[in-house]
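Reckoned from all heavy atoms, side chains included, excluding hydrogens, waters and symmetry mates. Because the structure is predicted, anything quoted here is derived from the model rather than measured. Just so we're on the same page: letters track the sequence lines, and every chain starts at 1.
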Amino acid sequence: MTDTEENQNIPSPGTPSDVKKTEQEIIREAKLKSIAESGVDIFPHKADVTHTVYGIVFKYSDSLKEDLEKKEVKVKVAGRLLSIRRMGRATFFHISDSRTKLQAYIREDKVGKENYELFSLLDIGDILAVEGVLFKTRTEELTVLVKSFTFLAKCLHPLPEKWHGLQNVEIRYRKRHLDLIMNPEQADVFRLRSALITQIRNFFDERDYIEVETPMMQTLPGGALARPFKTFHNALGIDLFLRIAPELYLKRLVVGGLERVYEINRNFRNEGISSEHNPEFTMLEFYQAYSDYNDMMDITEELICDLSVKFLGKETITYSDFEISLKRPWKKIKFVDALSQYSGFAREKFKDRKEIIVLASELAPDKTPLSYGNALDVLFDKYVKDHLIDPTFVTHLPKEISPLAKASPDNPDESERFELVIARMEIANAFSELTDPVEQKKRFEQQAEERKKGDEESHLIDLDYVNALEYGLPPTGGEGIGIDRLVMILANQKSIREVILFPLLRPKGDFSW
RNA sequence: GGCCCGUUAGCUCAACUGGUAGAGCAACAGACUCUUAAUCUGUAGGUUGAAGGUUCGAGUCCUUCACGGGUCACCA
């Protein structure tokens, strides 16, 4: 593909001016023009504020009315105008920082007729700074008595209605800025997400891990069983793949002597979109030399309990209709035992490869031909997953679907691997890393066989990785935790789109919605 | 991708078995100096997601399409 061809593929977006303006939008533009004509800079370069809205409310909302009057607290604070109550020559309004709102009171006799008229050109949604002193109204609401105000930005579109706000989920995702303006509780979800990620970094930093960044664009997508996105590098003339996992690079680092590494970054998988899946999602992966999958279970319990206690203040969380206890130790159950327990079939049945494949093929006819490992996976999802609400480590997954994990010493068909399930969702996946290069090569070759049979998600043979293993990977425990899903659990959000700021949606051709 | 549901004013929602598309908020004009879903009076605002079809007549019924939600399948 040439450079020109590549560029032709870039869609040209429409421009806002292509869209017919509504009456309200025309009126707002006219008001902005009037403001400009009165000599006000309509795109000022900065606002010297002394406080944030949140800061004022946090510090002064408990102050006594009399104390505030005595102290004469002067503030200059900026925010978005979210409600106005005009009463002739005086007006009450609230400004907001998407977290907190603060009332202000402007009177013609305090700011002068000219300024009061200028204020009347402001609409709900505009951004301004107010300067004045704090007081409390008759109803004890903390309020800024405005001495002067500064216009900072015009909102050229009407905001959604004040009682119900913005409900339309499609617009909420497509115009996240509007969602954040209108729904402070949604903004809180993203604040929590940020705080959780910061604490995760602290957690690993305290344990002598170092944070690293490995390639997002890989020549050979590996480290997971999934379909990749493909792209092209012009200068090198090669295909590149957006990574489906950082795993193989992180283990190369452990070979190199970085004994404890973690990475928090995006993975990309070219698969379905659902309330639990976004094509790009954030993954925490960490590797600890001289450890195994049992150590990973300990760390996982510790990490998630730490987050829950620090940010929710408890070890019991509410998710959807469930009360979920995070009290340690968490449940552990072997994959085959779980299958047997919830399906009612005897354990022995799951060793019969042919029968299992037939059974799973009936349940998932689209997927056939199934391998034995994939068939077990199908049965697990069918019979077991819906029962796992409290945190459960499902251990000893079939070796066949675990090409990067050590085999279990007491059963060569099983691996030293676990998946953590909470509220029916797979949250984490970990194993004792396979360190034997000869065995690893063999596993890759088996995966290649699966691929020949039509399993597009099989692992590709990565000889460069095998070569790295040949330099010696110490015994290592490794784990991936889906950050988006963890945030869903801790923030009690039912869709992954509620915890990803800009989830992928099919583009719409115009702005008129 | 399959199935089910949704799309009506800027927003949130109505409109019975097909019969003149409505309300609240927002907007506009006016009154109002402690309001907070401010209040009071008045005004304007619509190609009912798109295109076809059935019908004397379609927001409503049928077909196709677009976008979204739920669910199943794949996946973390």
* Asked: Does A:Arg174 place a side-chain N or O at less than 4.0 Å from the phosphate oxygens OP1/OP2 of B:G68?
  -> yes

* Asked: Would you say B:U33 has OP1 or OP2 under 4.0 Å from some side-chain N or O of A:Lys113?
  -> no

Whole angstrom value for the distance that separates [atom2] of [N] from [atom1] of [X]:
{"X": "A:Glu170", "N": "B:A66", "atom1": "CD", "atom2": "P", "result": "14 Å"}
{"X": "A:Asn168", "N": "B:U12", "atom1": "CG", "atom2": "C1'", "result": "10 Å"}
{"X": "A:Asp126", "N": "B:A26", "atom1": "CG", "atom2": "C1'", "result": "14 Å"}
{"X": "A:Lys65", "N": "B:C34", "atom1": "NZ", "atom2": "P", "result": "13 Å"}
{"X": "A:Met182", "N": "B:C11", "atom1": "CE", "atom2": "P", "result": "12 Å"}
{"X": "A:Lys21", "N": "B:G46", "atom1": "NZ", "atom2": "C1'", "result": "20 Å"}
{"X": "A:Arg497", "N": "B:G68", "atom1": "CZ", "atom2": "C1'", "result": "9 Å"}
{"X": "A:Leu145", "N": "B:U33", "atom1": "CG", "atom2": "C1'", "result": "11 Å"}

If we take the [atom1] atom in both [N] and [M], what is their distance in whole Å?
{"N": "B:G45", "M": "B:G2", "atom1": "P", "value": "43 Å"}
{"N": "B:C72", "M": "B:A15", "atom1": "P", "value": "30 Å"}
{"N": "B:U41", "M": "B:A23", "atom1": "P", "value": "15 Å"}
{"N": "B:A31", "M": "B:G68", "atom1": "P", "value": "48 Å"}

For [X], which contact category applies under a 4.0 Å heavy-atom criterion: base, sugar-phosphate, or nothing?
{"X": "A:Asn270", "answer": "nothing"}
{"X": "A:Asp109", "answer": "base"}
{"X": "A:Glu25", "answer": "nothing"}
{"X": "A:Phe135", "answer": "base"}
{"X": "A:Lys382", "answer": "sugar-phosphate"}
{"X": "A:Leu505", "answer": "sugar-phosphate"}
{"X": "A:Gly480", "answer": "nothing"}

Considering only side-chain heavy atoms of [X], which listed nucleotide, [options], is closest?
{"X": "A:Arg138", "options": "B:G10, B:C34, B:A27", "value": "B:C34"}
{"X": "A:Glu23", "options": "B:G70, B:A44, B:C13", "value": "B:A44"}
{"X": "A:Val169", "options": "B:G68, B:C11, B:A26", "value": "B:G68"}
{"X": "A:Ser275", "options": "B:C28, B:U35, B:U71", "value": "B:U71"}

Determine, for [X] against [Y], whether the closest basic-nitrogen to carboxylate-oxygen distance falls under 4.0 angstrom.
{"X": "A:Glu108", "Y": "A:Lys113", "value": "no"}
{"X": "A:Lys399", "Y": "A:Glu414", "value": "no"}
{"X": "A:Arg417", "Y": "A:Glu419", "value": "yes"}
{"X": "A:Glu449", "Y": "A:Lys452", "value": "yes"}
{"X": "A:Lys31", "Y": "A:Asp123", "value": "yes"}
{"X": "A:Lys136", "Y": "A:Glu69", "value": "no"}
{"X": "A:Glu498", "Y": "A:Arg172", "value": "yes"}

* To do: Kindly express the pairing pattern of RNA chain B in dot-bracket notation, using | wherever a base pairs with another strand and counting only Watson-Crick or G-U pairs under 3.5 Å.
  => (((((((..((((.....[..)))).(((((.......))))).....(((((..]....))))))))))))....

* Donor-acceptor pair (no angle test) under 3.5 Å: A:Gln24 side chain, B:A26 base -> yes

* Hey, is the main chain of A:Met283 close enough, under 3.5 Å, to the side chain of A:Asn267 for a donor-acceptor pair? -> no

* Among A:Arg201, A:Lys251, A:Arg243, find the one that has a salt bridge (charged side-chain N to carboxylate O under 4.0 Å, His left out) with A:Glu263. => A:Arg243

* Mind running a 4.0 Å heavy-atom check of residues 81-103 of chain A against RNA chain B and sending the residues that fall below it, in number order? => A:Arg85, A:Arg86, A:Met87, A:Gly88, A:Arg89, A:Ala90, A:Phe92, A:His94, A:Gln103

* To do: Could you pick out which residue, A:Tyr173 or A:Glu140, lies toward the 5' side of RNA chain B when each is mapped onto its nearest nucleotide?
  => A:Glu140

* Structure fact -> 5'-most contact on RNA chain B (nearest-nucleotide basis), A:Arg107 vs A:Leu166, goes to A:Leu166

* Structure fact -> For A:Pro279 and A:Leu504 the tightest heavy-atom approach is CG-CD2, 3.5 Å

* Side-chain donor-acceptor pair present, A:Tyr209, A:Gln288, cut-off under 3.5 Å -> yes

